[in-house]
Amino acid sequence: MTTDRIIIKKDGSLEVPENPVIPFIEGDGIGPEIFSVLMVVINASVDAAYNGKRKIKWKEFPAGEKGFKNTESWLPEETVNAVKEYVVAVKGPLTTPVGEGIRSLNVQLRQSLDLYANIRPVRHFPLVPSPMKKPHHVNMVIFRENTEDVYAGIEWEAGSNDAKEMISIIEKRTGISLPHDSGIGIKPVSERKTKRLVARAISFALENDFPSVTLMHKGNIMKFTEGAFRKWGYETAENMFAEKTLTEDDLYDSYKGSCPEGMVVIKDRIADNLFQEILLRPESYHVIAAPNLNGDYLSDALAAQVGGLGIAPGANVGDHCAVFEAVHGTAPLLAGKDIANPLSLILSGVMMLEYMGWKEAAAMIEKAVEDTLKKGRVTNDLAVQMKGAVEVKCSEFGKEIINNLS
C-alpha cells in the first residue's frame with residue numbers, strides 16, 4: 001500500500017499502511033503535557049514491536065482553545081474533515097466554551113462524525129488504590145449510545161414561549177398538568193441507533209470471549225424510550241446473532257446455568273439495580289450496552305471502583321471513523337506543572353492500536369503500564385495513596401513506561 005491513510009473496507013475492517021497518518025487534537029489545560037507523553041510511549045512501543053518497520057505520522061489539527069485562537073471556531077471544520085479522511089484520531093481533553101452555543105465540544109464532535117458507540121473498558125491494575133475490597137473483580141466494557149437520549153440537547157428554557165407551548169401540547173395530548181414554570185427537554189431513543197449500538201456490543205463480546213451482554217435501562221418507568229431500548233436490544237440478538245446468543249431463561253432452562261463455549265448470554269437490568277450489582281457482584285457483568293445518560297453515569301462510577309478517571313480510557317467509534325480520548329477534564333489547576341497523570345490518554349492509545357490491528361504494540365504498553373504501577377513510580381495523584389510509592393513527574397512517568405517495554 002502506497003497511501004498513508006487508513007481505509008475502511010466494505011466489510012468494516014481496516015486496511016492500515018505501515019506508516020499511517022494519525023490526526024491528533026492536543027487538547028486544553030493538561031492536554032499538551034499528557035499528549036506529549038502519549039506520543040513518545042506509542043512511538044517507542046511501535047518501534048519495539050515491529051523493529052522499526054512501522055511508524056505513525058502524527059498530524060495536529062486544532063480544536064478547543066487552540067482552535068478558537070487560530071480560526072475563531074472551537075471545532076474547526078478542517079479538524080472534523082481530517083478525522084473523516086484519516087479514519088483514526090486521538091484527542092486530549094477539551095474546554096467546553098461558556099455561552100458560545102455549543103454545550104460540549106466532545107458531544108459536538110461525536111454527533112458531527114456519527115461516532116455512535118462510546119466504548120469504555122474498565123479493569124483494575126494491581127496496587128492502584130481503590131475504595132473497593134476486591135477491585136480486581138471488575139472487568140467490564142461499557143458500550144454507551146453516543147448520539148441521542150438527553151445528549152441530543154433538545155430543550156426549552158422555563159418561562160420561554162416554546163416551553164409554554166410544549167407544556168400546553170402535553171396537557172392537551174395526555175391530560176398531564178405540568179408546572180408552568182417547568183423547563184422542558186425531549187429524550188429521543190430510536191430503533192436504528194439502539195440496534196446498531198447493541199450489535200456492536202454483541203460482536204465485541206463474541207470476538208473477545210466475554211460471556212454476557214447486559215442491556216441497561218429504566219424501562220419500568222420510561223417504557224417507550226428506555227423500555228424500547230431493552231426490547232430492541234433483544235430483537236438485535238435474536239435477529240442478527242441467533243446462533244451465538246441466548247437469554248437468561250435459555251441459560252437456566254436449557255443449559256442448567258452454564259453458558260456453552262462460544263455463546264453469549266443476553267440479559268437486562270434496570271439502571272438503579274445495575275448500580276447495586278456492579279458493587280456487589282461485579283464479576284457477573286462483562287459487556288454492558290446502555291443509552292447515553294445511563295452509560296455516562298455507569299462508566300464513571302465503574303472508573304471510581306478501579307482508581308478513578310485518571311486511569312480510565314475511552315473511544316468514540318462509528319462505522320466510518322473513530323476518535324480515542326482521555327475521558328477526564330482539562331484540569332486547568334494542574335496545567336503547566338508536569339504533574340498530571342497521563343494514563344487515561346495512554347490507555348486510550350492502547351485502544352487505538354488494538355483498533356488498528358497493531359495488537360503487539362498495544363500489549364507491550366499495557367504490560368509496561370502494569371509493571372510501572374507495580375514498581376510504585378507514579379504521578380502525584382497515585383503516589384499520595386500508595387504506600388512506599390515514589391512520585392515522578394508526568395514526563396518522567398512516560399519514560400518509566402518506556403523503560404518497562406518488553
Side-chain angles (χ1 to χ4, degrees), residues 27 29-45 48-49 92-93 120-141 278-283 299-314 325-351 353 361-406:
I30 61 173
E33 297 161 66
I34 63 174
F35 194 88
S36 65
V37 174
L38 168 76
M39 192 179 296
V40 296
V41 168
I42 286 187
N43 288 347
S45 70
R120 295 273 295 272
V122 188
R123 56 157 289 199
H124 182 251
F125 286 94
L127 302 183
V128 171
S130 165
M132 309 304 294
K133 289 183 178 180
K134 298 178 180 179
H136 57 282
H137 285 181
V138 176
N139 184 19
M140 302 180 209
V141 183
I278 63 168
L279 292 171
L280 298 178
R281 285 174 284 277
E283 67 278 5
S299 55
D300 280 12
L302 279 168
Q305 291 181 221
V306 298
L309 291 179
I311 62 171
E325 64 178 357
V327 302
H328 53 69
T330 59
L333 295 179
L334 303 181
K337 298 179 180 178
D338 197 19
I339 60 174
N341 185 345
L343 263 182
S344 174
L345 193 58
I346 290 172
L347 293 174
S348 298
V350 169
M351 293 180 71
L353 292 170
M364 287 182 70
I365 296 176
E366 194 158 27
K367 182 180 182 301
V369 166
E370 190 164 322
D371 290 344
T372 303
L373 291 170
K374 285 179 179 178
K375 292 177 181 178
R377 298 183 64 80
V378 293
T379 49
N380 174 266
D381 59 319
L382 296 177
V384 296
Q385 302 178 71
M386 295 171 63
K387 186 176 180 179
V390 175
E391 181 179 337
V392 298
K393 295 180 179 179
C394 175
S395 55
E396 293 171 339
F397 187 65
K399 294 175 183 176
E400 294 287 340
I401 293 173
I402 292 171
N403 291 338
N404 287 317
L405 289 172
S406 60

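Keep in mind the model is a prediction, meaning the values are calculated, not measured.
- How far CD1 of Ile339 is from CG of Asn380: 5.5 Å, rounded to the nearest 0.5 Å.
- Judged by distance alone, the side chain of Thr379 and the main-chain N or O of Cys394 form no donor-acceptor pair under 3.5 Å.
- Side-chain atoms of Glu370 never come within 3.5 Å of backbone atoms of Glu366 as a donor-acceptor pair (strictly under, hydrogens ignored).
- Put simply, the side chain of Met132 reaches to within 4.5 Å of the side chain of Leu279, judged on heavy atoms.
- Residues Val122 and Leu302 approach most closely at CG1-O, 3.6 Å, considering heavy atoms.
- Of all the heavy atoms in Met364 and Ala48, the pair that sits closest is CE-CB, 3.6 Å.
- Gly376 approaches Met386 most closely through the heavy-atom pair CA-CE, 4.3 Å.
- Closest approach of Pro32 to Gly27, counting heavy atoms only: CD-O, 3.6 Å.
- Side-chain contact between Val141 and Pro121 is present, with heavy atoms from C-beta onward closer than 4.5 Å.
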Verdict with supporting geometry, Phe397 and Val37, side-chain contact (heavy atoms from CB on, under 4.5 Å): CA-CA 8 Å; Phe397 187 65; Val37 174; 5.7 Å; no
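- Atom CG of Leu38 sits about 10.0 Å away from atom CD1 of Ile401, to the nearest 0.5 Å.
- Residues Pro93 and Gly31 share a closest heavy-atom pair of CD-CA, 4.0 Å.
- If you take CD1 on Ile402 and CD1 on Ile42, they are separated by 10.5 Å, rounding to the nearest 0.5 Å.
- Under the side-chain hydrogen bond (donor to acceptor under 3.5 Å, both in side chains) test applied with Asn404, the options Lys375, Lys367, Arg377 reduce to a single match, Lys375.
- With hydrogens and angles disregarded, no donor-acceptor distance shorter than 3.5 Å links the side chain of Ser344 to the backbone of Ala326.
- Although no hydrogens or angles enter the test, the distance criterion places a donor-acceptor pair under 3.5 Å between the side chain of Ser348 and the main chain of Gly314.
- Annotation: the span from Glu391 atom CD to Asp381 atom CG amounts to 9.0 Å, rounded to 0.5 Å.
- You'll find the side chain of Val390 stays beyond 4.5 Å of the side chain of Glu400, heavy atoms only.
- Side-chain contact between Leu373 and Leu127 is absent, with no heavy atoms from C-beta onward closer than 4.5 Å.
- Pro282 and Met140 make their closest contact through O-CE, 3.4 Å (heavy atoms, listed as atom of the first residue, atom of the second, distance).
- A heavy-atom distance below 4.5 Å is not found between the side chains of Leu382 and Phe125.
- Note that CD1 of Ile30 and CG of Leu333 are 11.0 Å apart. Values are rounded to the nearest 0.5 Å.
- Considering only heavy atoms from C-beta on, Asp300 comes within 4.5 Å of Leu309 through its side chain.
- Under a 3.5 Å cut-off, the side chain of Gln305 and the backbone N or O of Ile278 do form a donor-acceptor pair.
- The CD atom of Glu396 sits 11.5 Å away from atom CG of Asn403, with the distance rounded to the nearest 0.5 Å.
- The side-chain heavy atoms of Leu353 and Ser45, taken from C-beta on, include a pair separated by under 4.5 Å.
- Judged purely by atom type and a 3.5 angstrom limit, Glu33 uses its side chain to pair as donor or acceptor with the backbone of Asp338.
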